[in-house]
Amino acid sequence: MKLLFKWRKTQKWYKATKKIISKKISLATVFVKFYLHYHSIRIKNWTIYWIHTRIFTLWSLSVVYFLIIVAISLMAGKYIDVATLSPQALTYFMTVGAMVGSIIAIVFSFKILIMQNAADNSSAGFYRTLARDKGQDIVFFVLVFSVIFFFVLGLTAKSHQFTFLHQSQDLLKLLFQLSIIVIALDLYLIFLLYEMLFKRIDPFSAIAQIQKSSLKYLDDIHKKATQFANLMMIHPTTDKKTTKEEMLASTFQSFNSDLQYLSYRLNYLFDYHDKVLAKNERTASLTVLDVIASILEKYFIIRKDSSLLLPSGFFFVSISDSQAFLTPHLERLVAVGLDYLKREDVVGIRKVISLFQELIGYAGEIKFVHSSRVSDNPILMQCRGYLDQLMESVIHNGSFEGMFKGAQTYNAIGIYVTRKKMIDEIMQVYDMLDKIAYAALLKKQEVVFTEVLNTYSTQASILMEDPWLFELKIDLLFEHIQQIVLWGFTVYTG
């Protein structure tokens, strides 16, 4: 009986162990299959990505193309019979020159049609900025010189001097080989011309190209101003107390003409935005706004440590040296927002308000020379003032999305100016929040009103971070909260 009991116990243990082992093996098999499948997909995708980004690129395919052409030229050199081809050299070179000339005529006729269509679909200034391309000029002159090269060879192929040269140095064989390479180069340049042309007429490629060139233009301005400021710092007559930031800020005043050229570009972009918006091309119009904002933000970055405060016509009020440059573009941005508001395009309204929020954030980082107070930031005040102007129209129109986005934006602005201890700006933010709350109550937009209350709650939390500011402004904050709560009570119970 004991043996039987032990046997059954051993059998049970064996079955249990076998079951556990089989489960672990099954689980391990599942893991192995999963990771094998996972890594096979990953390797496959990586291989496809590598092939498309490393092999099938214009540069790599161009290298392969010219290697093949050179190989063909060298192979052809072994089988060229100079004695047979010498009488036909005139016909050959003239024919090749005429062929390249005909291709040039066809290509540039087609280019004129495409560019005319692009000019009809874009603004005049935008097209003028886009049409300047040195690469197309270089391609044109290379093609023209290759035509002249073949015609000259054809005209001199029967001359006594040419016959003597190719008989003594096998020059004709080299010219035939060279002609193959020149023809291949001409066809490759025509392909590049088409690539450049289509990049110019594609709206998104054109916008990206203008953005890239404008940002580079601003970098060049900053680089030149820095170099000139460094040069003036070592000038014998320069005051030793002058700081590098002061000299750089003064130097920037010499680049007003360069900034005027940049202003033209921004105006062209605004014109192009209005044209694509009129055609209801919303994606393109929003992309143009992003480019405009990126250029203005880049301007704020290069003027971050080199801006000046200038006296205005009012006592104790200063303006920035950037006001003349920024004013027309901020006005156009407000006009764009009003256009979206008129169209009842909530996406566009939210976009313009978001761009103002971004600009205010970049403007807040600017430090002014000879300014001892952080609150002295007329650029931030200017951007916030134009945002207030837009929000007044949004509130008057009763746009739900616009007021909700405005409450969120003034929340972010309030956090920023509170931490920067910009006392005057804090009051302006509270006043605009009150207007949004009152309009939301009249329009029965509870969501917007709740967002304003959440904003005031956030502002109270931010004030608690600074005991001095908390003691100074907490009463003002509670006054505004009490006022809008009383408004809400009056509206909902009256």
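Values below: all heavy atoms of this structure, side chains included; hydrogens, waters and symmetry mates excluded.
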SB check [X] [Y] (cutoff 4.0 Å):
{"X": "Asp271", "Y": "Arg332", "answer": "yes"}
{"X": "Asp466", "Y": "Lys473", "answer": "no"}
{"X": "Asp339", "Y": "Arg343", "answer": "yes"}

*For residues 399-416, which residue pairs qualify under salt bridge (Lys or Arg N to Asp or Glu O under 4.0 Å), counting only residues two or more places apart or in two chains?*
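Every pair satisfying salt bridge (Lys or Arg N to Asp or Glu O under 4.0 Å) with a residue in residues 399-416: Arg350-Glu401.
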Is [X] atom [atom1] crowded by more than 12 heavy atoms from other residues, nucleotides or ligands, each under 6.0 Å away?
{"X": "Phe255", "atom1": "CZ", "result": "yes"}
{"X": "Glu331", "atom1": "CD", "result": "yes"}
{"X": "Lys444", "atom1": "NZ", "result": "yes"}

4.5 Å side-chain heavy-atom contact, [X] and [Y]:
{"X": "Gln382", "Y": "Ser322", "value": "no"}
{"X": "Ser393", "Y": "Leu341", "value": "yes"}
{"X": "Gln211", "Y": "Leu215", "value": "yes"}
{"X": "Leu189", "Y": "Leu192", "value": "yes"}
{"X": "Leu266", "Y": "Phe325", "value": "yes"}
{"X": "Glu365", "Y": "Tyr416", "value": "yes"}
{"X": "Met422", "Y": "Leu380", "value": "yes"}
{"X": "Val276", "Y": "Tyr272", "value": "yes"}

Got a second to check how far [X]'s [atom1] is from [Y]'s [atom2], nearest 0.5 Å?
{"X": "Thr409", "Y": "Glu358", "atom1": "OG1", "atom2": "CD", "value": "10.0 Å"}
{"X": "Ile481", "Y": "Ile474", "atom1": "CD1", "atom2": "CD1", "value": "7.0 Å"}
{"X": "Gln260", "Y": "Asn267", "atom1": "CD", "atom2": "CG", "value": "8.0 Å"}
{"X": "Lys216", "Y": "Lys223", "atom1": "NZ", "atom2": "NZ", "value": "8.5 Å"}
{"X": "Met391", "Y": "Ile436", "atom1": "CE", "atom2": "CD1", "value": "4.0 Å"}
{"X": "Asp274", "Y": "Leu269", "atom1": "CG", "atom2": "CG", "value": "11.0 Å"}

Mind listing the closest non-hydrogen atom pair of [X] and [Y] along with its distance?
{"X": "Asn377", "Y": "Ile366", "answer": "ND2-O, 3.7 Å"}
{"X": "Ile181", "Y": "Ile69", "answer": "CA-CG2, 4.0 Å"}
{"X": "His222", "Y": "Ile302", "answer": "CD2-O, 3.4 Å"}
{"X": "Gly402", "Y": "Ser399", "answer": "N-OG, 3.1 Å"}
{"X": "Ile295", "Y": "Ser214", "answer": "CD1-CB, 3.7 Å"}
{"X": "Val452", "Y": "Ala407", "answer": "CG2-CB, 4.1 Å"}

*How far apart are the C-alpha atoms of Phe252 and Leu259, what are their side-chain angles, what is the distance that settles it, and do they pass the side chain to side chain contact (heavy atoms under 4.5 Å, CB included) test?*
CA-CA 10 Å; Phe252 261 109; Leu259 292 177; 5.5 Å; no
*Hey, which of Leu333, Leu390, Ile349 is the one that makes side-chain contact (heavy atoms from CB on, under 4.5 Å) with Leu338?*
Leu390
Keeping the roles fixed (side chain from [X], backbone from [Y]), state whether a donor-acceptor pair exists under 3.5 Å.
{"X": "Gln357", "Y": "Gln408", "value": "no"}
{"X": "Thr418", "Y": "Ile415", "value": "no"}
{"X": "Tyr456", "Y": "Tyr430", "value": "yes"}
{"X": "Tyr217", "Y": "Leu262", "value": "no"}
{"X": "Asp388", "Y": "Met432", "value": "no"}

*Can Leu143 and Val147 be said to form a side chain to side chain contact (heavy atoms under 4.5 Å, CB included), step by step?*
CA-CA 6 Å; Leu143 293 175; Val147 172; 5.7 Å; no
Less than 3.5 Å apart, which donor and acceptor atoms pair up between the side chains of residues 457-465 and the rest of the protein, not counting sequence neighbours?
| from | atom 1 | to | atom 2 | distance (Å) |
| --- | --- | --- | --- | --- |
| Thr458 | OG1 | Asn454 | O | 2.9 |
| Gln459 | NE2 | Asn411 | O | 3.1 |
| Gln459 | NE2 | Asn411 | OD1 | 3.0 |
| Ser461 | OG | Ser457 | O | 3.2 |
| Glu465 | OE1 | Arg419 | NE | 3.2 |
| Glu465 | OE2 | Arg419 | NH2 | 3.1 |

*asked:* Show me the pairs that pass ring pair (Phe, Tyr, Trp, His ring centres under 6.0 Å) and involve residues 342-362, at least two apart or across chains.
replied: none
_Intermediate values then yes/no, side chain to side chain contact (heavy atoms under 4.5 Å, CB included), Leu178 and Phe149_ = CA-CA 11 Å; Leu178 180 61; Phe149 169 73; 3.8 Å; yes
*For Glu451 and Tyr410, test the side chains for any donor-to-acceptor distance below 3.5 angstrom and give the result as yes or no.*
no
_Looking only at side-chain N and O atoms, does Ser320 offer a donor or acceptor that is under 3.5 Å from a partner on Arg303?_
no
_Phe145 vs Val182, side chain to side chain contact (heavy atoms under 4.5 Å, CB included): CA-CA, chis, key distance, verdict_ = CA-CA 11 Å; Phe145 285 136; Val182 173; over 6 Å; no
*Under 30°, 30 to 60°, or over 60°: which ring-plane class applies to Tyr188 and Phe66, parallel, tilted or perpendicular?*
perpendicular
*Classify the ring geometry between Tyr340 and His273 as parallel (under 30°), tilted (30 to 60°) or perpendicular (over 60°).*
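The rings of Tyr340 and His273 stand perpendicular, inter-plane angle above 60°.
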